[in-house]
Amino acid sequence: LGYSTEEVLGKAFWELTQDKDFTETDYNRKFVPNAVYFRKLKCKNGEFKYIQWTDFKHTNNLFVATGQDVTSKINLERKYANLIQNAKDIIYECDRSGKITYANKFAIKTLGYSIDEIIGQNYIFFTRKDYKKSVLNFYINNATETNEYDLLEFPIIRKNGDEIWVSQKVSIKKDENDQITGYSCIMRDITTTKLIELEEHKRVEEISRLNSISNKLSTLNFLTFPSLDDLIRHICKETAIGLRIDRVALWDFNEDHID
């Protein structure tokens, strides 16, 4: 912190460092064995540093505090938290059981729910109803040797009922004993590209279906039909079914009327 020993003797330390959490009281009442706590303290040069403290009690009148400068670590954590909060992706975290414990601002804005409505919900809460089971099974049945799952695409529903297609990446969080503690999830909106993909799929299917009808009609053996009328009726029927036409009418033309 830059102060000399003489400068911080007595109560001067608390005054010089501007520790807002310091209260003058019998420390025996506040002392918690093995507790770790943080303080933001002012240095002699005017800067502030974050110190991680651990206290040891020798007697009722003597406590020894050990402090470690964790300023860089806390600043890095804050930058990371700021990046997550301002990211243009839906970012949320779950505990081991799949309950949501955190959601960033973009998740709240995109989904339309308040943070209180999101926290505590299962991770498939937003998933479209007909996809809930498949998404659940994907993460239950696809055990991974790495710390992340493959990308998964599925639709989710906003609070107002609108549908969004997302691509989700899930990373596994583990403790120092390599035990799973939770999951970090990133959802990216792929609605536009997904709709184009679905339209293209429908177009290809439609072309394939029409080609099948065309091939079927072009290979008809006309000799198997008793009359021309029967052939025309068959062609009209197959064409109507293939083109999804609700009604087809055949007319007999006469010089003075139509039957």
Side-chain angles (χ1 to χ4, degrees), residues 1-96 99-111 113-120 146-148 169-188:
L1 299 176
Y3 301 104
S4 66
T5 304
E6 291 74 18
E7 288 176 307
V8 297
L9 289 177
K11 298 178 182 178
F13 176 82
W14 313 112
E15 296 171 358
L16 290 171
T17 58
Q18 298 181 14
D19 185 354
K20 296 180 181 179
D21 296 313
F22 171 73
T23 53
E24 190 172 351
T25 184
D26 183 355
Y27 195 61
N28 286 287
R29 299 175 181 175
K30 297 176 59 177
F31 175 70
V32 178
N34 302 316
V36 176
Y37 58 97
F38 300 86
R39 291 288 189 269
K40 181 182 178 181
L41 304 179
K42 186 178 181 180
C43 302
K44 189 171 184 178
N45 63 5
E47 296 179 356
F48 282 87
K49 289 188 177 181
Y50 292 93
I51 308 297
Q52 175 182 297
W53 294 99
T54 345
D55 296 341
F56 179 76
K57 180 178 180 179
H58 279 273
T59 68
N60 288 340
N61 294 318
L62 178 61
F63 296 86
V64 176
T66 303
Q68 180 182 359
D69 184 357
V70 292
T71 307
S72 298
K73 179 184 176 183
I74 288 181
N75 286 339
L76 186 61
E77 288 175 350
R78 288 185 172 181
K79 287 180 180 179
Y80 176 70
N82 188 55
L83 285 173
I84 291 177
Q85 279 293 351
N86 294 293
K88 297 305 179 183
D89 289 318
I90 296 172
I91 300 176
Y92 66 97
E93 294 186 347
C94 301
D95 61 17
R96 288 186 60 187
K99 290 184 178 179
I100 298 173
T101 57
Y102 167 82
N104 70 344
K105 292 178 181 178
F106 192 75
I108 296 168
K109 177 182 177 182
T110 303
L111 297 171
Y113 292 94
S114 68
I115 188 65
D116 292 334
E117 290 175 308
I118 293 176
I119 299 300
T146 64
N147 287 329
E148 58 185 22
K169 187 70 174 179
V170 175
S171 300
I172 301 172
K173 296 165 61 179
K174 295 183 179 180
D175 60 19
E176 61 276 6
N177 297 316
D178 205 35
Q179 297 299 307
I180 295 175
T181 59
Y183 305 89
S184 296
C185 313
I186 301 177
M187 281 182 174
R188 177 156 294 175

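For the single chain, residues carry numbers from 1 onward in sequence order.
- Annotation: the span from Gln179 atom CD to Arg96 atom CZ amounts to 7.0 Å, rounded to 0.5 Å.
- For the pair Tyr37/Arg39, a side-chain contact is recorded, criterion being any heavy-atom separation below 4.5 Å from C-beta on.
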Self-check item: Val70 vs Ile51, side-chain contact (heavy atoms from CB on, under 4.5 Å): CA-CA, chis, key distance, verdict
Solution: CA-CA 6 Å; Val70 292; Ile51 308 297; over 6 Å; no
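- The shortest side-chain heavy-atom distance between Trp53 and Leu41 falls under the 4.5 Å cut-off.
- Shown here for Asp175 and Asn177, the closest heavy-atom pair between the two residues is OD1-N, 2.9 Å.
- We find the CG-OG1 distance between Asp178 and Thr181 to be 10.5 Å, quoted to the nearest 0.5 Å.
- The two residues Val170 and Cys185 have their closest heavy-atom pair at CG2-SG, 3.9 Å.
- Between Tyr92 and Met187, the closest side-chain pair of non-hydrogen atoms falls below 4.5 Å.
- At distances below 3.5 Å, not a single donor-acceptor pair connects side-chain atoms of Asp89 with backbone N or O atoms of Ile91.
- How far CG of Asn104 is from CD1 of Ile90: 8.0 Å, rounded to the nearest 0.5 Å.
- Separation of atoms CD1 (Ile115) and CD1 (Ile108) is listed at 4.0 Å; rounding is to 0.5 Å.
- In this structure, a donor-acceptor pair under 3.5 Å is absent between the side chains of Asp95 and Tyr183.
- Across all their heavy atoms, Phe106 and Lys88 have their closest contact at CE2-O, 3.4 Å.
- Lys57 and Asn60 share a side-chain donor-acceptor pair at under 3.5 Å.
- With rounding to the nearest 0.5 angstrom, the CD1 atom of Ile118 is 6.5 Å from the CD1 atom of Ile100.
- A salt bridge is absent between Lys42 and Glu47; no separation between the charged side-chain nitrogens and carboxylate oxygens falls under 4.0 Å.
- Environment of NZ in Lys49: sparse, with no more than 12 heavy atoms of neighbouring residues, nucleotides or ligands closer than 6.0 Å.
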Quiz item: Step by step, would you call Ser114 with Asp116 a side-chain hydrogen bond (donor to acceptor under 3.5 Å, both in side chains)?
Solution: CA-CA 5 Å; Ser114 68; Asp116 292 334; 5.1 Å; no
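- To the nearest 0.5 Å, atoms OG (Ser171) and NZ (Lys173) are separated by 10.5 Å.
- For the pair Thr101 (side chain) and Glu93 (backbone), a donor-acceptor distance under 3.5 Å is present.
- Put simply, the side chain of Asp55 never gets that close to the backbone of Val36: no donor and acceptor are under 3.5 Å apart.
- Using a 4.5 Å cut-off on side-chain heavy atoms (C-beta onward), Ile172 and Glu148 make no contact.
- No cation-pi contact links Lys44 to Tyr3, judged by a cut-off of 6.0 Å to the six-membered ring centre and 45° from its axis.
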